[in-house]
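Scroll down for the structure; my scribbles are underneath it.
Because only heavy atoms are used, hydrogens play no part in the values below, and waters and symmetry mates are left out as well, while side chains stay in. Positions are given from 1 along the sequence.
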Amino acid sequence: MRIFHFDDSTQPAIPADELYMREALKLAESAFREDEVPIGAIIVSQGKIIGKGYNLTERLNDVTAHAEMQAFTAASYFLGGKYLKDCTLYVTVEPCVMCAGASYWTQISKVVYGAKDEKRGASKHGNLYHPKTEVQGGVLENECSELVRSFFRNKR
């Protein structure tokens, strides 16, 4: 799917994955400002954002309060059910094992992430996603990884 802007014919169309990842990046920036690991996530269904979240592990003192988990809860609440079929998760950093496992149970159709997580990413542990889930990485990878690098650079 591509998003077209008809107000200025000189503007190129923005691919939907990039558009939605930019929304997830805004949430990651909110986490950064709140001194949380800067990861943002949104869930899209039929071209509409139905769930979003960012890391809240420090604020909630909860190791499970990852961005994806917040987005899954919000989207499930919006849809009135636990399954997220025909939905796409956009997350700025590759999901961890816990979040990939949670995505398995939601049966989400697609996971799109920005930066790869070389240390804790789900891909290091085989395929943890539902067999029908499509996984795509590298969308706005540089912007996503730079935000995380910047956060940890400031911590050291």
* **V111 vs Q136, side-chain contact (heavy atoms from CB on, under 4.5 Å): CA-CA, chis, key distance, verdict** => CA-CA 6 Å; V111 174; Q136 175 187 343; over 6 Å; no
* **Heavy-atom side-chain proximity of F151 to D35 below 4.5 angstrom** => yes
* Structure fact -> d(C144 SG, K116 NZ) to nearest 0.5 Å is 13.5 Å
* **Results of side chain to side chain donor-acceptor pair (under 3.5 Å) for S109 - residues two or more places apart only** => none
* Asked: Does Y90 have any side chain to side chain donor-acceptor pair (under 3.5 Å) partners at least two apart in sequence or in another chain, and if so, which?
  -> D17
* **Set of side-chain contact (heavy atoms from CB on, under 4.5 Å) partners for E143, sequence neighbours left out** => R22, L25, L140
* Do the side chains of L27 and I42 get nearer than 4.5 Å, heavy atoms only? -> yes
* Structure fact -> So CG of L147 and CG of N142: to nearest 0.5 Å the spacing works out to 12.5 Å
* **side chain to side chain donor-acceptor pair (under 3.5 Å) involving T133 - partner list, sequence neighbours excluded** => none
* **Interatomic spacing from CG in D117 to SG in C99 - rounded to 0.5 Å** => 10.5 Å
* With sequence neighbours left out, write down each residue that passes side-chain contact (heavy atoms from CB on, under 4.5 Å) with E146, or none if nothing qualifies. => R149, S150, R153
* **ring pair (Phe, Tyr, Trp, His ring centres under 6.0 Å) partners of Y83, counting only residues at least two apart** => none
* **Minimal non-hydrogen separation, C87 against L79, with atom names** => SG-CD1, 4.0 Å
* Asked: Can you tell if the side chain of M69 reaches within under 4.5 Å of the side chain of M98, non-hydrogen atoms only?
  -> yes
* **Residues in side chain to side chain donor-acceptor pair (under 3.5 Å) contact with N127, at least two apart in sequence or another chain** => none
* Decide yes or no for V112 and T88: does some side-chain heavy atom of the first lie under 4.5 Å from some side-chain heavy atom of the second? => yes
* salt bridge (Lys or Arg N to Asp or Glu O under 4.0 Å) partners of K26, counting only residues at least two apart -> E23
* Which salt bridge (charged side-chain N to carboxylate O under 4.0 Å, His left out) pairs, counting each pair once, include a residue from residues 69-88, with sequence neighbours left out? -> none
* Asked: For the side chain of T92 and the backbone of G40, is there at least one donor-acceptor N/O pair under 3.5 Å apart?
  -> yes
* Mind jotting down which residue pairs meet the ring pair (Phe, Tyr, Trp, His ring centres under 6.0 Å) criterion with at least one end in residues 110-132? Sequence neighbours excluded, please. => Y104-H130
* **Hydrophobic cluster membership, I39 vs F152, 4.5 Å side-chain cutoff** => yes
Pairs under 3.5 angstrom only: tabulate donor-acceptor contacts from the side chains of residues 45-56 to other protein residues two or more places apart or in another chain.
from: Y54; atom 1: OH; to: E34; atom 2: OE1; distance (Å): 3.3
from: Y54; atom 1: OH; to: E34; atom 2: OE2; distance (Å): 2.6
from: Y54; atom 1: OH; to: R59; atom 2: NH2; distance (Å): 3.4
from: N55; atom 1: OD1; to: A67; atom 2: N; distance (Å): 2.9
from: N55; atom 1: ND2; to: V37; atom 2: O; distance (Å): 3.2

* Quick one: does L128's side chain get under 4.5 Å of P95's, heavy atoms only? -> no
* Structure fact -> Tightest non-hydrogen contact, residues A28 and P38, listed as O-CB, 3.3 Å
* Can you hop from L60 to F32 via hydrophobic side chains spaced under 4.5 Å? -> yes
* To do: Sort and list the pairs that fulfil side chain to side chain donor-acceptor pair (under 3.5 Å) and have at least one residue in residues 63-79, not counting sequence neighbours.
  => D62-T64
